[in-house]
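Remember, predicted model here, so these are calculated numbers, not experimental data. For ligands, and for the atoms within them, numbers begin at 1 and follow the listed sequence.
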Amino acid sequence: MKTVSYEGMLFDEYISAQEIAQLVQNVAQQIARDYAGKQPVLVCVLHGAMFFLTDLMRALPIECSVTTVRLQSYEGTNSTGRVIESVPLQADIRDKDVIVVEDIVDSGITMHYFKQNLRERQPRSLKVASLLSKPSELQFEDAKPDYVGWEIPKKFVIGYGFDINEFARNLPSIYALREG
Ligand code: IMP
Ligand code: MG
């Protein structure tokens with residue numbers, strides 16, 4: 001088994017790069033079907049979703065554009081319960097078909113807050129695509145992603161965009177914190 005160490009903690013390989021590629025293809029196929037003939041704007045939630053965004057976008061056979069926002073809620077391996085829009089969304093999304101591209105929906109506080117914020121800008125439609133989700137941790141029903149690559153149990157993961165204090169994003173696979 002592949003294992004990496006960050007900040008004195010051990011993480012075991014959990015989803016291989018090959019498996020991630022398949023999850024991304026599945027999400028892309030669903031979006032391509034639902035948005036045929038449309039030109040959605042993908043809102044990439046930085047920095048976690050940047051890897052998912054670029055792979056997803058290349059897998060989409062439809063016309064689409066991209067814009068970014070930076071939202072932060074985590075410190076180390078824990079959610080702070082607050083969401084900071086540290087780099088605000090600049091693009092005009094009025095009357096656009098918006099797909100928020102997120103790395104993971106955990107408690108849902110980030111998506112709950114951000115969707116409210118986006119609705120005020122009056123998009124034509126608003127959906128969320130998340131590579132992973134932790135359904136057991138969801139506290140906000142409206143934050144449930146419309147497209148999900150894979151549902152995972154309560155685990156802290158790193159790699160493929162997921163960070164621990166900004167490191168480990170560049171690992172090609174996803175690794176999960178070893179418990180105990
Ligand atoms: P939520 O607001 O509780 O749903 O958490 C969502 C945000 O927390 C995500 O956008 C991630 O950036 C971060 N996050 C949640 N779980 C993990 C994890 O297991 N590893 C790394 N980041 C995570
Ligand atoms: Mg995030």
Side-chain angles (χ1 to χ4, degrees), residues 2-17 19-20 23-24 27 42-57 66-91 98-119 126-180:
K2 285 193 212 162
T3 300
V4 294
S5 171
Y6 284 85
E7 303 195 5
M9 292 175 273
L10 293 176
F11 295 82
D12 300 311
E13 191 178 49
Y14 184 54
I15 309 176
S16 70
E19 289 165 333
I20 294 168
L23 301 180
V24 175
V27 172
L42 309 181
V43 176
C44 176
V45 181
L46 295 173
H47 294 124
M50 58 176 25
F51 293 74
F52 178 39
L53 181 279
T54 56
D55 286 342
L56 177 67
M57 216 172 163
V66 63
T67 186
T68 59
V69 64
R70 181 156 202 213
L71 306 176
Q72 288 174 276
S73 64
Y74 258 59
E75 264 169 31
T77 61
N78 294 300
S79 174
T80 59
R82 287 171 286 117
V83 182
I84 306 164
E85 192 169 325
S86 54
V87 183
L89 183 73
Q90 301 285 353
V98 172
I99 305 174
V100 180
V101 179
E102 177 59 306
D103 52 4
I104 190 162
V105 176
D106 183 358
S107 72
I109 188 170
T110 305
M111 275 309 110
H112 171 74
Y113 158 84
F114 189 51
K115 280 174 83 178
Q116 274 180 353
N117 171 320
L118 288 180
R119 273 194 212 99
L126 178 58
K127 297 261 159 116
V128 175
S130 188
L131 179 63
L132 302 181
S133 74
K134 301 181 193 172
S136 67
E137 303 309 295
L138 193 71
Q139 290 174 28
F140 299 88
E141 202 44 44
D142 67 338
K144 206 172 154 194
D146 302 281
Y147 305 95
V148 192
W150 196 247
E151 294 183 343
I152 66 168
K154 182 182 160 103
K155 279 177 183 296
F156 183 76
V157 294
I158 60 170
Y160 192 73
F162 295 100
D163 72 306
I164 173 150
N165 290 326
E166 294 303 325
F167 286 91
R169 294 194 197 274
N170 54 318
L171 298 170
S173 310
I174 293 173
Y175 292 73
L177 178 63
R178 192 182 293 180
E179 306 289 344

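Put simply, the side chain of Asp146 gets close to the backbone of Val128: a donor and an acceptor are under 3.5 Å apart.
Side-chain atoms of Val24 and Tyr160, non-hydrogen and from C-beta on, do get closer than 4.5 Å to each other. With a 4.5 Å cut-off on side-chain heavy atoms, Leu171 and Phe11 do not count as touching. Proximity of Val43 to Phe114: side-chain heavy atoms (C-beta onward) are separated by under 4.5 Å at one or more points.
Under a cut-off of 6.0 angstrom, the local environment of NZ in Lys144 is sparse, with at most 12 non-hydrogen atoms contributed by other residues, nucleotides or ligands.
Taking Glu19 as the reference, Ser16 meet the side chain to side chain donor-acceptor pair (under 3.5 Å) condition, with sequence neighbours excluded.
A heavy-atom cutoff of 4.0 Å around ligand 1 is satisfied by the protein residues Ser73, Tyr74, Glu102, Asp103, Ile104, Val105, Asp106, Ser107, Gly108, Ile109, Thr110, Lys134, Lys155, Phe156, Val157, Phe162, Asp163.
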